[in-house]
Amino acid sequence: MSSSAEGPSVLIVGTGFGGIGTAIELKRAGFTAFTILESAAEAGGVWRDNTYPGAACDIPSPLYSFSFEPNPRWPKRFSHQPDILAYLRGVIAKYGLEPHIRYRTEVTGATFDETRGLWRVETKDGETYEANVFVPAVGQLSRPVLPDIPGRDDFAGDAFHSARWDHGVELTGKRVAVIGTGASAVQFVPELRKHAQHVTVFQRTPPYVMAKSDPVYRRWQHWLFEHLPPTQLLGRLRIFLLAEYATYAMTKHPVLAKMFELRTAQLRRRHIKDRELRAKLTPSYPLGCKRILFTNEYLPALAQPNVDVETRRITGITEKGVRVEDGTELEADVLVYGTGFAATEFLGRMDVRGLGGRSLQEEWSGGARAYLGMAVPGFPNLFCVYGPNTNLGAGSIIYMIERQARYIRQAVERLTRPGVSYLDVLPEVERRYDDEVQKRLGHSVWSACTSWYRQADGRVTTNWPGLVTEYDRRTRRLDPADYRVVA
């Protein structure tokens with residue numbers, strides 16, 4: 001692939017919302033020389049991979065969808081995994097992206113050829129692709145993490161991560177141990193409880209849990225959304241403003257965040273009557289420091305007689321179950337890891353090399369960083385989607401993805417100009433930007449505790465420090481003065 005009448009060639013990695021959103025933005029602008037490489041046999045990203053019982057989005061669907069492609073037929077406000085996956089695949093079909101996708105194609109490395117101004121991308125099967133622009137869109141929440149617990153491989157029963165749910169395992173009447181209490185666990189634990197004989201939830205730190213208003217959309221509402229689109233748009237706007245308000249509370253106004261804390265405390269008192277259990281479930285860190293979880297089922301499930309919350313520290317996995325710090329062995333038939341993802345490993349196992357053979361993994365050894373979350377000095381024409389410091393504490397990541405896709409499209413447009421071979425963001429521009437972002441994050445709630453938002457040294461590499469409207473403004477126009485433009 002190289003520049004053609006269809007415009008500069010673009011290689012996108014991933015068929016989640018990030019990769020698909022970027023492809024659509026390019027196609028709508030008339031650029032069709034793009035290829036999407038997907039390691040799996042089907043499209044869908046995290047919504048293809050996460051099929052655990054109860055899997056759903058914790059952002060309302062009117063906002064967790066492309067602004068240019070509203071879906072008037074969402075079954076409920078917080079849609080479940082099958083409906084989100086069907087939406088994404090429907091968008092792929094509508095915009096004719098299937099011919100551009102290469103399935104079962106896992107990218108292992110990418111090297112920039114400075115002489116030719118091209119990226120050479122290699123795959124696990126030994127294939128090589130070339131393109132002017134390289135867009136890794138592999139996401140922050142796509143690579144499951146298993147905890148480094150002694151004896152993890154000694155367990156004799158069935159064990160799996162929630163993102164790789166084994167639907168062939170019979171759970172009825174079984175003793176199930178769940179390690180982790182994150183966003184996935186609060187959805188699948190209530191479902192496990194309905195079938196398992198007993199569920200033991202191993203909790204390191206309790207999450208803040210808030211109720212969600214999750215009505216089922218009626219036939220008349222579907223009709224209204226379809227025939228009078230502004231009615232759905234108003235709902236989207238309302239959700240958007242609430243998310244911006246929540247972000248403002250977490251980043252600018254701690255007093256407002258206290259109001260949210262009071263609501264979570266009221267929810268615990270309503271559902272958890274046992275004082276000892278309620279104490280276990282009460283966070284001791286500021287609200288928002290870890291991800292806030294929206295669920296109506298989790299707290300009631302923990303109050304059921306066949307569910308225990310275990311807060312003793314895990315010291316090892318045995319053949320029969322889990323051993324805790326006082327030496328007690330808690331037996332289990334099935335072990336489910338709800339232990340999250342390698343959120344700070346933005347490129348997964350890809351070996352990416354830029355000018356002079358520089359390794360991006362080495363460049364990011366002290367923490368991933370990129371101008372506007374997309375561009376890295378010394379790695380021309382590489383633009384990350386959902387890259388460093390673009391995650392949100394509240395709101396829809398799809399909003400951020402659309403802004404990144406718009407910016408990348410402008411970069412591709414710039415490359416169509418005569419004599420322009422590549423764009424390389426200036427080191428001082430990226431450094432000034434990163435210094436600002438990290439300074440702001442250092443004063444935010446996300447620096448107040450240990451979480452997947454932060455590295456071990458305290459650097460926050462995942463989250464955006466402000467409102468999404470600010471990100472929209474800052475990415476609205478690609479400024480060529482930010483780049484070294486090479487002919």
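Residues take their numbers from the sequence shown, with the count starting at 1.
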Do Ser213 and Arg77 pass the side chain to side chain donor-acceptor pair (under 3.5 Å) test, and can you show the C-alpha distance, the side-chain angles, and the key distance before you say yes or no?
CA-CA 8 Å; Ser213 174; Arg77 184 173 290 161; 3.0 Å; yes
Step by step, work out the salt bridge (Lys or Arg N to Asp or Glu O under 4.0 Å) result for Asp58 and Arg291.
CA-CA 11 Å; Asp58 56 6; Arg291 186 173 177 179; 2.8 Å; yes
Please lay out, stage by stage, how Asp434 and Arg459 fare under the test salt bridge (Lys or Arg N to Asp or Glu O under 4.0 Å).
CA-CA 11 Å; Asp434 184 70; Arg459 179 183 171 90; 2.7 Å; yes
Take Glu436 and Arg440 through the salt bridge (Lys or Arg N to Asp or Glu O under 4.0 Å) test and state the conclusion after the steps.
CA-CA 6 Å; Glu436 177 210 337; Arg440 291 169 64 182; 3.0 Å; yes
Passes ring-ring contact (aromatic ring centres under 6.0 Å, His included), His167 versus Tyr52? Steps please.
CA-CA 8 Å; His167 293 276; Tyr52 58 81; 9.3 Å; no
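Arg164 CZ: more than 12 foreign heavy atoms inside a 6.0 Å radius. More than 12 heavy atoms of other residues, nucleotides or ligands lie within 6.0 Å of CZ in Arg73, so this atom counts as buried by the packing criterion. Around the CZ atom of Arg104, the shell of radius 6.0 Å holds no more than 12 heavy atoms that belong to other residues, nucleotides or ligands. Applying the 6.0 Å contact sphere to CZ of Arg474 captures more than 12 heavy atoms from other residues, nucleotides or ligands. By the 6.0 Å contact criterion, CZ on Arg120 is open, its count of non-hydrogen atoms from other residues, nucleotides or ligands being 12 or less.
When only modelled atom types and interatomic distance are considered, Gln81 and Thr51 share no side-chain donor-acceptor pair under 3.5 Å. Counting only N and O atoms by type, the side chains of Ser9 and Asn132 include a donor and acceptor under 3.5 Å apart. Remark: the Asp482 side chain and the Tyr371 side chain contain an N/O donor-acceptor pair separated by less than 3.5 Å. Remark: the Tyr103 side chain and the Glu98 side chain contain an N/O donor-acceptor pair separated by less than 3.5 Å. When only modelled atom types and interatomic distance are considered, Gln404 and Tyr386 share no side-chain donor-acceptor pair under 3.5 Å.
Remark: the backbone N or O of Pro147 is paired with a side-chain donor or acceptor of Arg152 at under 3.5 angstrom. When atom types are taken as modelled, the side chain of Ser61 and the backbone of Ser79 share a donor-acceptor pair closer than 3.5 angstrom. With hydrogens and angles ignored, the 3.5 Å screen pairs no side-chain donor or acceptor of Glu244 with any backbone N or O of Leu467. A distance-only check finds a donor-acceptor pair linking the side chain of Ser396 to the backbone of Leu63 [under 3.5 Å]. Using modelled atom types, no side-chain atom of Lys94 and backbone atom of Arg89 make a donor-acceptor pair closer than 3.5 Å. A distance-only check finds no donor-acceptor pair linking the side chain of Asp113 to the backbone of Trp119 [under 3.5 Å]. The closest donor-acceptor contact from the side chain of Arg403 to the backbone of Asp472 lies at 3.5 Å or more, if one exists at all. Here the side chain of Ser447 pairs a donor or acceptor atom with the backbone of Leu441 at under 3.5 angstrom. Between the Asn389 side chain and the Asn463 main chain, a donor and an acceptor come within less than 3.5 Å of each other. A donor-acceptor contact shorter than 3.5 Å is absent between the side chain of His80 and the backbone of Pro82.
Taken to the nearest 0.5 Å, the CG atom of Leu237 stands 9.5 Å off from the CG atom of Leu242. Distance OG1/Thr416 to CZ/Phe31: 5.5 Å, rounded to 0.5 Å. The CG atom of Asn296 sits 11.0 Å away from atom CE of Met210, with the distance rounded to the nearest 0.5 Å. Separation of atoms CD1 (Ile84) and OG (Ser65) is listed at 9.5 Å; rounding is to 0.5 Å. Separation of atoms CG (Leu360) and CG (Leu382) is listed at 7.0 Å; rounding is to 0.5 Å. We find the OG1-CG distance between Thr15 and Leu88 to be 7.0 Å, quoted to the nearest 0.5 Å.
Cys289 meets the disulfide bond (SG atoms under 2.5 Å apart) test with Cys449; sequence neighbours excluded. Scored by the ring-ring contact (aromatic ring centres under 6.0 Å, His included) test, Tyr399 finds Phe240 as partners (sequence neighbours excluded). By the ring-ring contact (aromatic ring centres under 6.0 Å, His included) test, Tyr483 is found to be paired with no residue, residues two or more places apart in sequence or in another chain being considered.
A salt bridge links Arg409 to Glu25: one of the charged nitrogens lies within less than 4.0 Å of a carboxylate oxygen. Using a 4.0 Å cut-off between charged side-chain N and carboxylate O, Arg102 and Glu38 make no salt bridge. Note on Arg369 versus Glu430: salt bridge recorded, some NZ/NE/NH1/NH2 to OD/OE distance being below 4.0 Å. Between Asp351 and Arg353 there is a salt bridge, with a side-chain nitrogen of the basic residue lying less than 4.0 Å from a carboxylate oxygen of the acidic one.
Between Tyr87 and Trp74, the angle of the ring planes lies from 30° to 60°, which puts this pair in the tilted group.
In this structure, the side chains of Arg116 and Glu130 come closer than 4.5 Å at one or more pairs of heavy atoms. With contacts defined as side-chain heavy-atom distances shorter than 4.5 Å, the pair Glu402/Ser67 qualifies. In this structure, Thr128 and Val121 have side chains that are not in contact, with every pair of non-hydrogen atoms separated by 4.5 Å or more. The closest side-chain heavy-atom distance from Leu415 to Val133 is below 4.5 Å. In this structure, Cys57 and Trp47 have side chains that are in contact, with non-hydrogen atoms separated by less than 4.5 Å. Residues Arg476 and Arg406 are in side-chain contact: their nearest non-hydrogen atoms beyond the backbone lie under 4.5 Å apart. Residues Gln203 and Thr205 fail the side-chain proximity criterion, which asks for heavy atoms closer than 4.5 Å. Side-chain contact between Glu363 and Arg358: present, with at least one pair of heavy atoms (C-beta onward) separated by less than 4.5 Å.
Nearest heavy atoms, Cys384 versus Gly373: CB-O, 3.7 Å. Closest of all the heavy-atom pairs between His443 and Lys439 is CD2-O, 3.1 Å. Across Pro480 and Val485, no two heavy atoms sit closer than the pair O-CG2, 4.2 Å. Smallest separation of non-hydrogen atoms from Val186 and Tyr298: CA-CD1, 3.5 Å.
A distance of 6.0 Å or more separates the ring centres of Phe260 and Tyr208. Two rings, from Tyr95 and His100, have their centers 6.0 Å or more apart. When ring centroids are compared, Trp165 and Phe188 come within the 6.0 Å threshold. Remark: aromatic rings of Phe383 and Phe134 are distant, center separation not under 6.0 Å.
The ring pair (Phe, Tyr, Trp, His ring centres under 6.0 Å) test with Trp464 is passed by exactly one of Tyr471, Tyr453, Trp446: Tyr471.
Geometrically, Lys212 engages Phe78 in a cation-pi contact defined by less than 6.0 Å to the ring centre and at most 45° from the axis.
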